[in-house]
S.K.: 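Take a look at this one; I'll ask things after.
It should be emphasised that the depicted structure is a prediction, and the values quoted were computed from it without experimental measurement.
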Amino acid sequence: MARRYDCNDATDRTTGLREASSAVRRGELVVLPTDTVYGLGADAFSSEAVADLLAAKGRGRNMPTPVLIGSPNTLHGLVTDFSEEAWELVDAFWPGALTLVARHQPSLQWDLGDTRGTVAIRMPLHPVAIELLTDVGPMAVSSANLTGHPAPEDCDAAQDMLGDAVSVYLDGGRTPGIVPSSIVDVTGEVPVLLRAGALDADELRKVVPDLEVAH
């Protein structure tokens with residue numbers, strides 16, 4: 001039976017975050033608010049939990065799950081060949097709606113789907129998400145919807161779709177909006193904008209002038 005906690009209530013928030021942390025460590029799924037839409041999350045290092053996440057969404061391994069982190073410092077243990085420009089993007093736009101596609105450390109024991117040695121990684125600008133991520137570490141997080149359905153801006157919509165496939169719902173109220181994060185590939189010599197979302201190319205070029213746009 002799924003449990004739901006109102007994170008706008010201080011007591012409920014404390015209990016909810018504790019229960020969500022425990023659930024993640026047990027390999028279960030949780031729903032959490034972010035600065036874009038609600039996310040469905042699992043321990044990034046539990047291949048079984050990530051497989052459960054994909055199954056709950058009805059999503060295949062060909063669409064790997066992004067990873068959310070609670071601090072830029074976490075990147076040091078997750079990525080390799082991270083360029084100076086990539087760090088400049090982190091400094092300018094994290095926490096926030098910027099996802100970076102980077103090469104992950106080959107030694108990492110995780111299975112996020114068919115990633116071909118890369119990981120899409122982000123630090124969200126939401127206090128509930130950051131607090132959970134700071135406690136449990138990197139989480140595989142995808143939008144909390146069934147594949148083909150709209151991404152949820154409130155907890156009700158997420159729970160209607162995912163039901164008891166999720167152990168803990170953290171209700172942070174309505175999220176700021178459905179504009180997705182922008183995605184920049186930093187695996188090559190120059191950053192490449194793969195998806196313009198909350199940040200457009202002009203905004204990103206203020207930090208990395210040689211940014212290219214994928215066609």
S.K.: Just so I know, are the side chains of V90 and F82 near enough to count as touching, which here means a heavy-atom distance under 4.5 Å?
M.R.: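 Yes, their side chains come closer than 4.5 Å.
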S.K.: Are V141 and V67 packed together at the side-chain level, in the sense that at least one heavy-atom pair is separated by less than 4.5 angstrom?
M.R.: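 No, side chains not in contact.
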S.K.: Is L125 reachable from V31 through a run of I, L, V, M, F, W or Y residues, each pair having side-chain heavy atoms under 4.5 Å apart?
M.R.: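 Result: no, two separate clusters.
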S.K.: What heavy-atom pair brings Q159 and A2 nearest, and what distance separates the two atoms?
M.R.: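 Heavy-atom minimum between the residues: NE2-CB, 4.5 Å.
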S.K.: Say whether, by atom type as modelled, one donor and one acceptor occur between the side chain of T36 and the main chain of V179 under 3.5 angstrom.
M.R.: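 Checked: no pair found.
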S.K.: Honestly curious: do V190 and V186 fall in one hydrophobic cluster under the side-chain, below-4.5 Å linking rule?
M.R.: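 No, V190 and V186 fall in different hydrophobic clusters.
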S.K.: L199 and A97: which non-hydrogen atoms are nearest, and at how many Å?
M.R.: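 Reported closest heavy-atom pair: CD1-O, 3.9 Å.
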S.K.: State whether the side chain of Q105 and the backbone N or O of V79 hold a donor-acceptor pair below 3.5 Å, judged by distance alone.
M.R.: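 Side chain of Q105 to backbone of V79, a donor-acceptor pair under 3.5 Å: yes, one is there.
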S.K.: Could you walk me through whether L53 and S142 pass the side-chain contact (heavy atoms from CB on, under 4.5 Å) check?
M.R.: CA-CA 8 Å; L53 186 158; S142 183; 4.1 Å; yes
S.K.: Output yes when R122 and D35 qualify as a salt bridge under the 4.0 Å nitrogen-oxygen rule, no when they do not.
M.R.: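 Between D35 and R122 there is a salt bridge, with a charged N closer than 4.0 Å to a carboxylate O.
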S.K.: L75 and W87: side-chain contact (heavy atoms from CB on, under 4.5 Å), yes or no, with the steps?
M.R.: CA-CA 10 Å; L75 281 171; W87 282 114; 3.8 Å; yes
S.K.: What I'd like to find out is whether the side chain of I69 reaches to under 4.5 Å of the side chain of I121, using heavy atoms alone.
M.R.: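 Contact flag for I69/I121 side chains = yes.
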S.K.: Taking the side chain from S143 and the backbone from N145, do they hold a donor-acceptor pair closer than 3.5 Å?
M.R.: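 The answer is no, because no donor-acceptor pair under 3.5 Å joins these two groups.
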S.K.: Please find the pair of heavy atoms, one from L29 and one from A56, that lie closest to each other, and give the distance.
M.R.: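 Scanning both residues, the minimum pair turns out to be CD1-CB, 3.9 Å.
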S.K.: I'd like to check V208 versus L89 (side-chain heavy atoms, cut-off strictly below 4.5 Å). Are they in contact?
M.R.: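 SC-SC contact between V208 and L89 confirmed.
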S.K.: Charged N to carboxylate O under 4.0 angstrom, R4 versus D156?
M.R.: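 Between D156 and R4 there is a salt bridge, with a charged N closer than 4.0 Å to a carboxylate O.
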S.K.: For the CD atom of E48 and the CG atom of D43, what is their distance to the nearest 0.5 Å?
M.R.: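 Atom-to-atom, E48:CD and D43:CG are 10.0 Å apart.
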S.K.: Quick check: closest heavy atoms across A42 and V50, and the distance to 0.1 Å?
M.R.: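 Residues A42 and V50, closest heavy atoms: CB-N, 4.4 Å.
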S.K.: Given side chains that start at C-beta, do those of V119 and L78 come closer than 4.5 Å, heavy atoms only?
M.R.: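 No. Closest side-chain heavy atoms not under 4.5 Å.
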S.K.: Looking at D185 and R103, is any side-chain nitrogen of the basic one under 4.0 Å from a carboxylate oxygen of the acidic one?
M.R.: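 Looking at R103 and D185, the cut-off is not met.
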S.K.: With a 4.5 Å limit on heavy-atom distance, are the side chains of E85 and V207 in contact?
M.R.: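 The answer is no, as the side chains (C-beta and beyond) never meet within the 4.5 Å cut-off.
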S.K.: Aromatic rings F45 and W110: how do their planes relate, parallel, tilted or perpendicular, breaks at 30° and 60°?
M.R.: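 Ring orientation, 0 to 90° scale: parallel.
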S.K.: Does this structure show an ion pair linking R61 with D111, if we count only N-O contacts that are shorter than 4.0 Å?
M.R.: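 Here R61 pairs with D111 in a salt bridge, since their nearest N and O are under 4.0 Å apart.
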S.K.: Taking Y169's backbone N and O only, do any of them form a donor-acceptor pair with Y38's side chain (distance below 3.5 Å, no angle check)?
M.R.: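 Looks like no, no N/O pair under 3.5 Å.
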S.K.: Establish, from distance only, whether the side-chain atoms of S182 and R195 form a donor-acceptor pair under 3.5 Å.
M.R.: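 No, R195 and S182 have no side-chain donor paired with an acceptor closer than 3.5 Å.
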S.K.: Taking it one step at a time, do D210 and R205 satisfy salt bridge (charged side-chain N to carboxylate O under 4.0 Å, His left out)?
M.R.: CA-CA 7 Å; D210 59 346; R205 284 192 178 117; over 6 Å; no
S.K.: Do any N or O atoms from the side chain of K57 and from the backbone of A144 form a donor-acceptor pair under 3.5 angstrom?
M.R.: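 No; zero donor-acceptor contacts below 3.5 Å.
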S.K.: If you measure from CG on L98 to CD1 on I183, what distance do you get to the nearest 0.5 Å?
M.R.: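 These two atoms lie 9.5 Å from each other.
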S.K.: Would you check, one step at a time, whether the test side-chain contact (heavy atoms from CB on, under 4.5 Å) holds for T65 with L54?
M.R.: CA-CA 8 Å; T65 307; L54 293 172; 3.6 Å; yes
S.K.: With respect to S21, which candidate in R18, R25, E19 satisfies the side chain to side chain contact (heavy atoms under 4.5 Å, CB included) definition?
M.R.: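 With S21 as partner, R18, R25, E19 yield a single side chain to side chain contact (heavy atoms under 4.5 Å, CB included), made by R25.
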S.K.: From T187 OG1 over to L100 CG, what is the distance, rounded to the nearest 0.5 angstrom?
M.R.: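 That separation rounds to 11.0 Å.
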S.K.: Indicate, with yes or no, if V128 and M139 share a hydrophobic cluster defined by side-chain heavy-atom contacts under 4.5 Å among Ile, Leu, Val, Met, Phe, Trp and Tyr.
M.R.: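 Yes, same cluster.
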S.K.: Kindly compute the distance separating CG (L17) from CG (D12), expressed to the nearest 0.5 Å.
M.R.: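 Taking CG in L17 and CG in D12, the distance rounds to 10.0 Å.
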S.K.: Using a 3.5 Å distance criterion without hydrogens, assess whether the side chain of T74 forms a donor-acceptor pair with backbone atoms of G70.
M.R.: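 Side chain of T74 to backbone of G70, a donor-acceptor pair under 3.5 Å: no, none is there.
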S.K.: Can you hop from I130 to V30 via hydrophobic side chains spaced under 4.5 Å?
M.R.: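 In one cluster: no.
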S.K.: Any link between V24 and L40 through a network of hydrophobic side chains (Ile, Leu, Val, Met, Phe, Trp, Tyr) touching at under 4.5 Å?
M.R.: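 The answer is no; the residues belong to distinct hydrophobic clusters.
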S.K.: Give the minimum heavy-atom separation between G27 and A49, together with the two atoms involved.
M.R.: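 Minimum heavy-atom contact is O-CB, 3.5 Å.
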S.K.: Within this structure, what is the CG-NE2 distance for the pair D81 and H104, rounded to the nearest 0.5 Å?
M.R.: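 Rounded to the nearest 0.5 Å, the CG-NE2 separation comes to 12.0 Å.
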S.K.: Side chains of D171 and C7: closer than 4.5 Å at any heavy-atom pair?
M.R.: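 The answer is no; the side chains never approach within 4.5 Å.
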S.K.: With rounding to the nearest 0.5 angstrom, report the NE2 to CG distance, H126 to L170.
M.R.: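 Answer rounded to 0.5 Å: 9.5 Å.
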S.K.: Where do V184 and P191 come nearest, in terms of heavy atoms and distance?
M.R.: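 So the minimum-distance heavy-atom pair works out to CG1-CB, 3.8 Å.
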S.K.: Between P127 and R13, is there a side-chain heavy-atom distance shorter than 4.5 Å?
M.R.: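 With C-beta onward as the side chain, the pair touches.
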